[in-house]
Amino acid sequence: MNILVINSGSSSLKYQLYNMTDESVLAKGLVERIGMDSSILNHKPTGKQEVTEVSEILEHNTAIRKVLACLTDKEHGVISSIDEINAVGHRVVHGGEFFKASALVDADAKTKIRQLFDLAPLHNPAAMMGITATEVNMPGVPQAVVFDTAFHQTMPEKAYMYAIPRVLYNKYKVRRYGAHGTSHDFVSKAAAEYLERPLEDLKIITCHIGNGASVTAVDGGLSIDTSMGMTPLEGLMMGTRSGDLDPAIVPYVMNKEELSVGEVNSMLNKHSGLLAISGISSDMRDIIDGAEKGEPNSTLAFDMYEYRLRKYIGSYAAAMNGVDVIVFTAGVGENAAVLRAKVLNNLTFLGIELDAEANKVRSGDPRRISTVESKVQVLVVPTNEELVIARDTYRIVQGING
């Protein structure tokens, strides 16, 4: 069975085609600048030459049609016909309280995704465009939706509720939902498999550290707390997001600077975090480079980032009354050895013993960066959210096919 995985943004569309017999990637690619006359489609068929095409792609229907044309092209395609695609899986950021697991796309699912537009205004409408475009171009092909928030639906009420008037939850579902759920789910299971220990016996803290970043407490395979909140703004300091801050800052700054709601929202999401403190970049590689050169603002940005990450790890060890495994994943988590070392060397009270040489090794496979004797095992596990989507889609389609 071949599964096409789609991650649709407002002006972009990522895709991967999987052969589920061996979970191999037949092709992957990215459509950028949708809505412009100079859109870019970059297509990477496995074992064949990469293709880049610049053309006018004004909406997602055309983007999907172009992707399907590349996949079936005689020269750089990987299948002979669209009929060889058995199902399509979509990443959807917000499932609210409706979706505790991945689901088949039907009229009810689409209605609920639309009802959640207000909770993810940048993401859910874009995902819906991808779903609709797939229906137009691939009528009759089953589709599934996989939600970033679903994994966190096991959080207890004491973890997901905010200490504000309950009427706001009752009327508007204001609560913590979390994000990066597919990643936290994948790497926690991969960690248990790597250590050859039952997932249900482990207390794991998973650190998905990229431009967006979150930490999750996984107890026995279930998410019991996570750092992102109702939106991805809460929690860790990130590339351009502020993370946790005193909520009174918002009306104070709005009043002083005469900012609109949209302007303050943009400030906190796009002009804060590493970018704001360093003044040079939101990229951790640039921050580390600046800090190593003695640049004071880069040093401060790095230290703030590490300090906040370490505090969350410590708080989740307390929340679970212990921790067996810490996992680093995503772009920064997988590659920033300096950051990992600083965090772990400041957590020795947990019984962590860092293997300094193992921490420096770069690899695309799961690996241990603590000593074998370390009380808490520390792993770097490359995440694969697309594979999670493909697997869930395969399972759902197999279910409806009997």
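Hydrogens, waters and symmetry mates play no part in the numbers below; they use all other heavy atoms, side chains included.
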**Asked** Name the one of V31, I57, L41 that satisfies side chain to side chain contact (heavy atoms under 4.5 Å, CB included) with L13?
**Response** V31

**Prompt:** So does E258 have more than 12 non-hydrogen atoms from other groups sitting under 6.0 Å from CD?
**Reply:** no

**Prompt:** Side-chain contact, heavy-atom cut-off 4.5 Å: Y312 with D244?
**Reply:** yes

**Fill in**
Here the gap from L195 atom CG to I204 atom CD1, rounded to the nearest 0.5 Å, amounts to 8.0 Å

**Asked** Can K112 and D108 be counted as an ion pair, charged N to O under 4.0 angstrom?
**Response** yes

**Request:** Count the heavy atoms of every other residue, nucleotide or ligand shown that sit under 6.0 Å from CD of E200, and state whether that count exceeds 12.
**Result:** yes

**Prompt:** Closest heavy-atom contact between A337 and N359?
**Reply:** O-ND2, 3.0 Å

**Prompt:** Shortest non-hydrogen contact from D219 to K203?
**Reply:** OD1-CG, 3.7 Å

**Pair S214-H208, side-chain donor/acceptor within less than 3.5 Å** = no

**Min side-chain heavy-atom separation T240-N269 under 4.5 Å** = no

**Prompt:** For R285, does the CZ atom have more than 12 heavy-atom neighbours from other residues, nucleotides or ligands under 6.0 Å away?
**Reply:** no

**Asked** Are I280 and N297 side-chain neighbours, meaning at least one heavy-atom pair lies under 4.5 Å?
**Response** no

**Asked** Within the side chain of T46, is there an N or O that forms a donor-acceptor pair under 3.5 Å with the backbone of L26?
**Response** yes

**Item:** Approximate separation, where rounding is to 0.5 Å, of L259 CG and S266 OG
**Value:** 10.0 Å

**Request:** Measure the OG1-CE distance between T149 and M228 for me, rounded to the nearest 0.5 Å.
**Result:** 12.5 Å

**Asked** Is there a side-chain contact between L236 and I209, using heavy atoms and a 4.5 Å cut-off?
**Response** yes

**Prompt:** Run the side chain to side chain donor-acceptor pair (under 3.5 Å) check on T21 and N19 step by step: do they pass?
**Reply:** CA-CA 6 Å; T21 303; N19 178 343; 3.0 Å; yes

**Message:** Does T134 form a side chain to side chain contact (heavy atoms under 4.5 Å, CB included) with H60? I'd like the steps, not just the answer.
**Reply:** CA-CA 9 Å; T134 301; H60 287 67; over 6 Å; no

**Message:** Looking at every heavy atom in both V187 and V381, which two are closest together, and how far apart are they?
**Reply:** CG1-O, 3.7 Å

**Item:** E357 vs V361, side chain to side chain contact (heavy atoms under 4.5 Å, CB included): CA-CA, chis, key distance, verdict
**Value:** CA-CA 7 Å; E357 291 306 312; V361 174; over 6 Å; no

**Asked** Taking T72 for the side chain and I79 for the main chain, is one N or O donor matched with an acceptor at less than 3.5 Å?
**Response** no

**Prompt:** Taking side chain as C-beta onward, heavy atoms only, is T383 less than 4.5 Å from H180?
**Reply:** no

**Message:** Which residue is it: E386, E385, R91, R391? I am looking for the one with a side-chain hydrogen bond (donor to acceptor under 3.5 Å, both in side chains) to T182.
**Reply:** E385

**Expected output: side-chain E56 to main-chain M36 donor-acceptor under 3.5 Å** = no

**Complete:** dist I352:CD1 -> T371:OG1 (nearest 0.5 Å) comes out at 10.0 Å

**Prompt:** Which heavy atom in A217 sits nearest to a heavy atom in M320, and how many Å separate them?
**Reply:** CB-SD, 3.9 Å

**Item:** Residues K173 and E97 bridged, charged N to O under 4.0 Å
**Value:** yes

**Request:** In sequence, state the C-alpha distance, the side-chain angles, and the governing distance for R33 and S38, and then conclude on side chain to side chain donor-acceptor pair (under 3.5 Å).
**Result:** CA-CA 7 Å; R33 298 164 61 94; S38 57; 2.7 Å; yes

**Message:** Could you walk me through whether M155 and S223 satisfy the side chain to side chain contact (heavy atoms under 4.5 Å, CB included) test, starting with their C-alpha distance in whole Å, then the side-chain angles of each, then the deciding distance to 0.1 Å, before giving a yes or no?
**Reply:** CA-CA 6 Å; M155 285 191 294; S223 170; 3.9 Å; yes

**Prompt:** Is the CD atom of E53 crowded by more than 12 outside heavy atoms at less than 6.0 Å?
**Reply:** yes

**Request:** Would you mind reporting whether K66 and H43 have side-chain heavy atoms less than 4.5 Å apart?
**Result:** no

**Request:** Please tell me if the side chains of F151 and V218 come closer than 4.5 Å, counting only heavy atoms from C-beta onward.
**Result:** yes

**Request:** For residues R308 and M304, determine if any side-chain heavy atom of one lies less than 4.5 Å from a side-chain heavy atom of the other.
**Result:** yes

**Request:** Show the numbers, then the answer: is there a side chain to side chain contact (heavy atoms under 4.5 Å, CB included) between I313 and C207?
**Result:** CA-CA 8 Å; I313 293 172; C207 306; 3.9 Å; yes

**Item:** Nearest heavy atoms of V325 and A191, plus distance in Å
**Value:** CG1-CB, 4.4 Å

**Message:** Strictly distance-based, threshold 3.5 Å: is any side-chain N or O of S102 a donor or acceptor partner for the main-chain N or O of V146?
**Reply:** no

**Greater than 12 external heavy atoms within 6.0 Å of K48's NZ** = yes

**Prompt:** Are the side chain of Y162 and the backbone N or O of M230 linked by a donor-acceptor pair below 3.5 Å?
**Reply:** yes

**Item:** Nearest-0.5 Å distance, CZ of residue F147 to NE2 of residue H90
**Value:** 11.0 Å

**Message:** Surrounding NZ of K110 (heavy atoms of other residues, nucleotides or ligands, distance under 6.0 Å), is the total greater than 12?
**Reply:** yes

**Message:** Distance alone, cut at 3.5 Å: any donor-acceptor contact between the side chains of S24 and D22?
**Reply:** yes

**Message:** Between Y316 (side chain only) and S227 (backbone N and O only), is there a donor and an acceptor less than 3.5 Å apart?
**Reply:** yes

**Asked** How long is the gap from CG on L300 to CD on E295, to the nearest 0.5 Å?
**Response** 9.5 Å

**Prompt:** Which heavy atom in G89 sits nearest to a heavy atom in T393, and how many Å separate them?
**Reply:** CA-OG1, 3.2 Å

**Prompt:** Does atom NZ of K28 have more than 12 heavy-atom neighbours, drawn from other residues, nucleotides or ligands, at distances under 6.0 Å?
**Reply:** no

**Prompt:** More than 12 heavy atoms of other residues, nucleotides or ligands under 6.0 Å from CG of N321: is that the case?
**Reply:** no

**Asked** So, E84 and S81: side-chain donor and acceptor under 3.5 Å apart, yes or no?
**Response** no

